[in-house]
Every structure is written in structure tokens, then in C-alpha cells.
Number of protein chains: 2
Amino acid sequence: MAAYDHPDSATFELIPVLRALADPARLEIVRHLGRVGEANCATLIGTRPKSSMSHHFQVLRESGVLRTRIEGVQHRNSLRLEELDARFPGLMAAILNAA
Amino acid sequence: MAAYDHPDSATFELIPVLRALADPARLEIVRHLGRVGEANCATLIGTRPKSSMSHHFQVLRESGVLRTRIEGVQHRNSLRLEELDARFPGLMAAILNAA
DNA sequence: TGCTTTGTTCGATTTTTATCGAACAATATG
DNA sequence: CATATTGTTCGATAAAAATCGAACAAAGCA
């Protein structure tokens, strides 16, 4: 599998980022990554099928919320916290700290 | 016209708030209110028809993002910044400061 | 009362997103 | 090579949101 391309942080846009975060499955992914740092897709799938999850990861990736690194068969995801904070200061902190 | 009912700040939920903010028309409304403090609907309508705008105000109101006060024929809107910040610290600041 | 202003509600579309099974691709391992 | 593991892609459907004209409602004013 070829590496994904990720948007440059200079091109992050607020609305796609907010839309990416405004979904229960994706917010859960984001919060889990906020705790564990990095995780592959499989460990983040709850009850939903793989194809649904793949879609959610794509939305998160394309908006800039997370980065996916390929290692063997696994795709390891992590939040792009520094870049997000540079572009939207305080946003991810607010999301991750929210009750 | 009877007064609107607004959700209590204790019942604000993150996903509806994010969804409310993740729309171009609504984000523009929010940013405008962030600058001017209070405004009636008419001054916030750009090119879109009234019925569309009424819908956007409803979404913002029901999620807790803004409050609508009726004064005569006009409906005056303002952000619920203190309450939002109490529940989601830093969130609205991040939104309003974002490039 | 009749007219104007401000905004809502209704109803019908259209557009956008989410969902998920099935087939596929890439890597690793026996 | 055969098989398992991990995740993507495709395609069809369903669900959710946005859009907007037209009719309506409330308040103010001549």
C-alpha cells in the first residue's frame, strides 16, 4: 500500500476540521488517540464494520486531524496536535478537555 | 411572538455545538456576533433567503451557541459565551480567534 | 383599520453524509 | 504457495441537512 497523502498544515480549514470532529464515531476516535497517542484502525473499531471506520479515518485524515503511518499491515494513526494548535490555537485542547 | 426557549447550559452537548459551528453561513453569523455583540437576524442575512437564515439561527439556538431576545419586531441574537466557556473551556475562543 | 417590517413555519426538493456488505490489495507467516 | 491479517474501494441504500418559495404571525405605525 502506498503512503497516504496528508494536507499541509498551512491548508487546514476550520470548517472541515469542525465537521470531522462533529460526529460521534470520529470524536471517539479522536479522544482515544488523545489518550493513547497512537493506535491502528483495528483497535479503534468498536461495533461498526471496517468499511464505515475506513470512511471516518479518511474524513479525519483529509481535514488534517490525524496522520496515518503505514507499518507493515497496520495503519497507525495519531493526532496532528502541534500542527492543529499552530493553526487553530486552543481548539484541540478544548475538544480533548471537554466533558 | 412568544419567547424562545433556550437549552440550559448544563445540557449543552459538544457534538451539536460542533455541528452548529461547522457550516459556512452559521460560522459567519457566529463570527459577526463575536465582533458586534448583538444583532438582529436581518442584519446578518447576506444573500440567502430569510427561511434559510431562520433555519440556521434555530440550529445555533438549539445547540446553545446563541440566545435570541425578542424586542418588538426584531429578534436580537447574541453568543452565549460565558455559558459556553464554562462548559467547553476555550472552545469559543479558539473558534473566534481562528484565522 | 390597513400597511410595513421582521422573522417563522410549512412543504417539497436537492445535496450531503453515513452505513455496510462484498470484493479487492498489500503484507506477513506457516 | 496458501492462508491469515489489516484495511481500502466500490456500489447501493438510507438517513440527515440544507435550500428556498409561499403562506403565515406578531408588532408597530400611519
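Chain naming here is simple, since letters A, B, ... match the order of the sequence lines and numbering starts at 1 in each.
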Using a heavy-atom distance cut-off of less than 4.0 Å, which residues of residues 54-74 of chain A contact DNA chain D?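 Close to the strand are A/Ser54, A/Arg61, A/Val73, A/Gln74.
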* Which of residues 13-33 of chain B sit near DNA chain D, with a heavy atom under 4.0 Å from it? ->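 Contacting residues: B/Arg19, B/Asp23, B/Arg26.
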#### Entry: Members of residues 35-47 of chain B that approach DNA chain C, where some heavy atom sits under 4.0 Å away
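Going residue by residue through residues 35-47 of chain B, the ones with a heavy atom under 4.0 Å of DNA chain C turn out to be B/Asn40, B/Cys41, B/Ala42.
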Salt bridge between A/Glu71 and A/Arg69, side-chain N to carboxylate O under 4.0 Å?
->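 Counted as a salt bridge, because a side-chain N and a carboxylate O are separated by less than 4.0 Å.
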Hey, are the side chains of [X] and [Y] touching, using non-hydrogen atoms and a 4.5 Å cut-off?
X: B/Pro89; Y: A/Asn97; result: no
X: B/Leu60; Y: B/Ile29; result: yes
X: B/Thr43; Y: B/Val36; result: no
X: B/Ile70; Y: B/His75; result: yes
X: B/Val30; Y: B/Leu66; result: no

- Message: I'd like to know whether A/Leu18 forms a side chain to side chain contact (heavy atoms under 4.5 Å, CB included) with B/Ile95, so could you lay out the CA-CA distance, the side-chain angles of the two residues, the decisive distance to 0.1 Å, and finally the verdict.
- Response: CA-CA 10 Å; A/Leu18 292 177; B/Ile95 299 292; 3.8 Å; yes
Item checked: Exceeds 12 heavy-atom contacts within 6.0 angstrom, atom CD of A/Glu28 ->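 No, not enclosed.
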*asked:* Working note: A/Leu14 + A/Leu91, criterion side chain to side chain contact (heavy atoms under 4.5 Å, CB included); need CA distance, chi angles, decisive distance, verdict.
replied: CA-CA 10 Å; A/Leu14 184 56; A/Leu91 179 61; 4.0 Å; yes
Margin query: Rounded to whole Å, how long is the line connecting atom CZ of B/Arg48 with atom P of D/dA17?
Written below: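 Atom-to-atom, B/Arg48 to D/dA17, this comes out as 18 Å.
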Practice problem: Whole angstrom is fine here: how far is it from NE2 in A/His75 over to C1' in D/dG7? | Solution: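 Answer to the nearest Å: 5 Å.
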Protein-nucleotides 12-14 of chain D N/O pairs under 3.5 Å:
none

Do side-chain atoms of [X] reach the backbone of [Y] as a donor and acceptor pair under 3.5 angstrom?
X: B/His6; Y: B/Thr68; answer: yes
X: B/Asn77; Y: B/Ala39; answer: yes
X: B/Asp85; Y: B/Leu81; answer: no

Mutual orientation of the aromatic rings belonging to A/Phe88 and A/Phe12 [parallel < 30°, tilted 30-60°, perpendicular > 60°] |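 Ring orientation of A/Phe88 relative to A/Phe12: parallel.
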For A/Arg67 and A/Glu83, what are the C-alpha separation, side-chain angles and deciding distance, and is it a side chain to side chain contact (heavy atoms under 4.5 Å, CB included)? CA-CA 11 Å; A/Arg67 179 185 302 287; A/Glu83 292 163 286; 3.0 Å; yes
Please list every donor-acceptor pair under 3.5 Å in which a side-chain atom of residues 44-59 of chain B meets a protein atom from a residue at least two apart or in another chain.
unit_1  : atom_1 : unit_2  : atom_2 : d
B/His56 : ND1    : B/Arg26 : NH1    : 3.1
B/Gln58 : NE2    : B/Glu62 : OE2    : 3.1

(message) For chain B and DNA chain C, what are the first and last nucleotides along the strand, 5' to 3', with at least one atom under 4.0 angstrom from a heavy atom of the protein chain?
(response)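 With heavy atoms of chain B under 4.0 Å away, the range is C/dT5 to C/dT9.
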Hey, which sits more toward the 5' end of DNA chain D by its nearest nucleotide, A/Met53 or B/Pro49?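 Going by which nucleotide is closer to the 5' end, it is A/Met53.
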